[in-house]
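Okay, structure first, notes after.
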Amino acid sequence: METVRIAERVISVELQGLDMRAIESYAEGECGTRPVVVFLPSGVKYSAGPYRIFVNYARQLAGDGFRCYRFDPRGIGISEGRFQSGPIHQLWNRIETGCFVEDLAHFIGLLRANWPRRRVVLCGLCGGAVTAALLAGRHRKLVDGIVSINTEVFLSSAESPPSMPATATEVDMVMKRYATKLLSREAWSRLLLLESDVKGIVRTTGKFLLQGLRKENRRLEEYRNINHHLISAFRSIGSGGVSHLLLFSENSSSWHKFQDTFLSLLLQSRYSSPCGEIRLIRGATHDLHDQEHRSEALTQISAWLNSSFGNPESDATGYHTAHSVSST
């Protein structure tokens with residue numbers, strides 16, 4: 001099996017007198033036309049991602065013929081500039097309402113000029129997923145696809161998160177845990193001795209029995225602290241035909257919030273599933289803490305890229321995915 005050497009170099013782009021930088025990963029000798037994949041920072045973290053997730057993803061995908069960039073906008077990571085200080089929820093609010101969008105648009109415009117035959121796919125986790133969606137909503141012609149990982153649909157707040165009823169998935173998860181304890185002598189002993197949360201058990205069981213009878217009639221815009229910028233972006237993406245993979249972790253609050261707001265209400269509107277494929281990673285946390293979940297997410301992303309943007313065999317790269325890394 002041929003070993004693919006992955007080269008990496010720093011790319012610098014000037015905007016308003018400041019250098020924005022990205023790490024480019026590509027297979028040496030690669031001359032195909034597979035898409036460019038741009039990885040975005042999660043919140044105020046730089047674009048390596050939690051547990052260096054995007055470093056691994058970029059190198060793996062580069063070995064499959066994609067040209068990958070880990071991009072940092074001004075004031076973040078290895079780019080020049082200073083990100084304005086303040087309470088963390090205010091910093092997150094700036095990102096959630098699109099403060100990185102124009103930096104990203106400038107960078108992608110230059111990528112498109114350099115690679116006119118390649119399509120562009122954005123990939124981000126949490127705040128990075130929000131930035132990707134906002135960019136696609138405002139500049140649809142710049143983007144061909146988005147991979148959103150654990151998109152947060154509410155604006156951050158100094159207060160406690162918005163109080164919401166438990167979602168169907170949350171109730172189902174708790175009921176499944178209860179079911180596994182039905183034959184547990186220890187669990188029944190705790191229950192009979194009133195050592196268990198009896199009120200909580202009754203409350204959850206009641207919700208489980210009644211949730212099929214409930215119908216949420218609120219409009220999406222009526223949810224407290226909902227991200228209205230993201231609402232507009234999703235509707236624009238849905239009507240514009242941008243391919244969109246939405247990955248969620250089963251144990252992330254982002255999934256539960258999305259399920260009972262954006263998912264149900266957008267599917268009732270003009271947003272349609274062909275441009276929004278939703279997949280769930282069972283047992284995973286918000287930042288994909290476990291290696292097995294990070295690997296599963298990459299498998300899902302690779303399959304979606306191949307399905308949405310062509311089979312790797314059609315690009316005739318001839319590469320296998322046993323990689324070595326060199327820097328240039």
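Note that the structure is predicted; figures quoted are calculated from it, not measured.
The residue from I11, I23, V37, L40 that alone fulfils the side-chain contact (heavy atoms from CB on, under 4.5 Å) condition with Y69 is I11.
The minimum heavy-atom distance linking G137 with I237 is given by the pair N-CG1, 4.3 Å. Minimum interatomic distance between S249 and L288 (heavy atoms only, all atoms of both residues): OG-CD2, 3.4 Å. Taking each heavy atom of Y57 and A297 in turn, the nearest pair found is OH-CB, 3.3 Å. In plain terms, the two heavy atoms of A7 and E28 that are nearest each other are CB-CG, 3.8 Å. Scanning all heavy atoms of the two residues, the minimum distance from L91 to S85 falls at CD2-C, 3.9 Å. Nearest approach of G63 to V4, heavy atoms of both residues: CA-CG1, 4.3 Å.
Taking 4.5 Å as the limit, every side-chain heavy atom of Y26 sits out of range of all side-chain heavy atoms of C68. Taking the side chain as every heavy atom from C-beta outward, H229 and R138 approach each other to under 4.5 Å. You'll find the side chain of L61 reaches within 4.5 Å of the side chain of S302, heavy atoms only. In this structure, the side chains of H286 and C126 come closer than 4.5 Å at one or more pairs of heavy atoms. Counting only heavy atoms from C-beta outward, the side chains of Q60 and L298 approach each other to under 4.5 Å. At a threshold of 4.5 Å between non-hydrogen side-chain atoms, the residues I76 and P73 count as touching.
For R112 (side chain) and L142 (main-chain N/O), a donor-acceptor pair under 3.5 Å exists by modelled atom type. Panel note: side chain R70, backbone S47; no donor-acceptor pair is recorded below 3.5 Å. S42 contributes a side-chain N or O that, together with a main-chain N or O of L125, makes up a donor-acceptor pair within less than 3.5 Å. Between the side chain of S236 and the backbone N or O of S232 there is no donor-acceptor pair closer than 3.5 Å. Panel note: side chain R294, backbone H289; a donor-acceptor pair is recorded below 3.5 Å. Side chain of D19 to main chain of S12: no donor-acceptor pair is present (N/O by atom type, distance under 3.5 Å, no hydrogens or angles). Under the 3.5 Å distance criterion, the side-chain polar atoms of S252 are left unmatched by any main-chain donor or acceptor of F248. The closest donor-acceptor contact from the side chain of D290 to the backbone of H293 lies at 3.5 Å or more, if one exists at all. Proximity of a side-chain donor or acceptor of N225 to a complementary backbone N or O of L155 within less than 3.5 Å is detected. In this structure, T33 contributes its side chain and R118 its backbone to no donor-acceptor pair below 3.5 Å.
Note that the CG atom of N150 and the CG atom of D287 stand 8.5 Å from one another [nearest 0.5 Å]. Note that the CD1 atom of I278 and the CD atom of Q259 stand 9.5 Å from one another [nearest 0.5 Å]. A distance of 13.5 Å separates CZ in R21 from CZ in R74, rounded to the nearest 0.5 Å. Distance check, rounded to the nearest 0.5 Å: OG1 of T261 to CG of N227 gives 11.0 Å. Remark: H139 NE2 to E102 CD distance equals 3.5 Å, nearest 0.5 Å. We find the CG-CD1 distance between L135 and I146 to be 8.0 Å, quoted to the nearest 0.5 Å.
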### Query
Taking it one step at a time, do V121 and V36 satisfy side-chain contact (heavy atoms from CB on, under 4.5 Å)?
CA-CA 6 Å; V121 177; V36 167; over 6 Å; no
#### Entry: Trace of the side chain to side chain donor-acceptor pair (under 3.5 Å) decision for N306 with R34
CA-CA 9 Å; N306 291 330; R34 309 213 72 194; 2.7 Å; yes
#### Entry: Candidate pair I108 and F71, rule side-chain contact (heavy atoms from CB on, under 4.5 Å), full reasoning
CA-CA 10 Å; I108 292 176; F71 173 70; over 6 Å; no
### Task
In sequence, state the C-alpha distance, the side-chain angles, and the governing distance for I231 and I226, and then conclude on side-chain contact (heavy atoms from CB on, under 4.5 Å).
CA-CA 8 Å; I231 293 173; I226 198 81; 3.9 Å; yes
### Task
Determine, step by step, whether F309 and W304 satisfy the side-chain contact (heavy atoms from CB on, under 4.5 Å) criterion, reporting the C-alpha distance in whole Å, the side-chain angles of both residues, the deciding distance to 0.1 Å, and the verdict.
CA-CA 8 Å; F309 299 101; W304 177 81; 3.8 Å; yes
### Task
Please report the C-alpha distance between E14 and H106 in whole Å, then the side-chain angles of each, then the deciding distance to 0.1 Å, and finally whether the side chain to side chain donor-acceptor pair (under 3.5 Å) criterion is met.
CA-CA 9 Å; E14 184 176 337; H106 182 74; over 6 Å; no
#### Entry: Chi angles and distances behind the salt bridge (charged side-chain N to carboxylate O under 4.0 Å, His left out) call for E296, R282
CA-CA 10 Å; E296 181 181 344; R282 298 291 180 183; over 6 Å; no
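The hydrophobic cluster containing I95 does not contain L134, counting ILVMFWY residues as joined when their side-chain heavy atoms lie under 4.5 angstrom apart, directly or transitively. L18 and L15 fall into different hydrophobic clusters, where Ile, Leu, Val, Met, Phe, Trp and Tyr are joined by side-chain heavy atoms under 4.5 Å apart, directly or via other members. No continuous path of ILVMFWY side-chain contacts below 4.5 Å connects V44 to F154, so the two sit in separate hydrophobic clusters. Both F39 and I53 are members of a single hydrophobic cluster when ILVMFWY side chains are connected at heavy-atom separations under 4.5 Å. By the criterion of side-chain heavy atoms lying less than 4.5 angstrom apart, applied directly or through intervening Ile, Leu, Val, Met, Phe, Trp or Tyr residues, L110 is grouped together with L122 in one hydrophobic cluster.
The aromatic ring centroids of F83 and F100 lie less than 6.0 Å from each other.
Side-chain polar atoms of E96 and H89 form no donor-acceptor pair below 3.5 angstrom. Under 3.5 Å, the side chains of H244 and S148 contain a donor-acceptor pair of N or O atoms. Of the N and O atoms on the side chains of N93 and S156, not one donor lies less than 3.5 Å from an acceptor on the other residue. Inspection of the N251 and T285 side chains reveals no N or O donor paired with an N or O acceptor under 3.5 Å.
Using cut-offs of 30° and 60° for the angle between ring planes, the F258 and F234 rings count as tilted.
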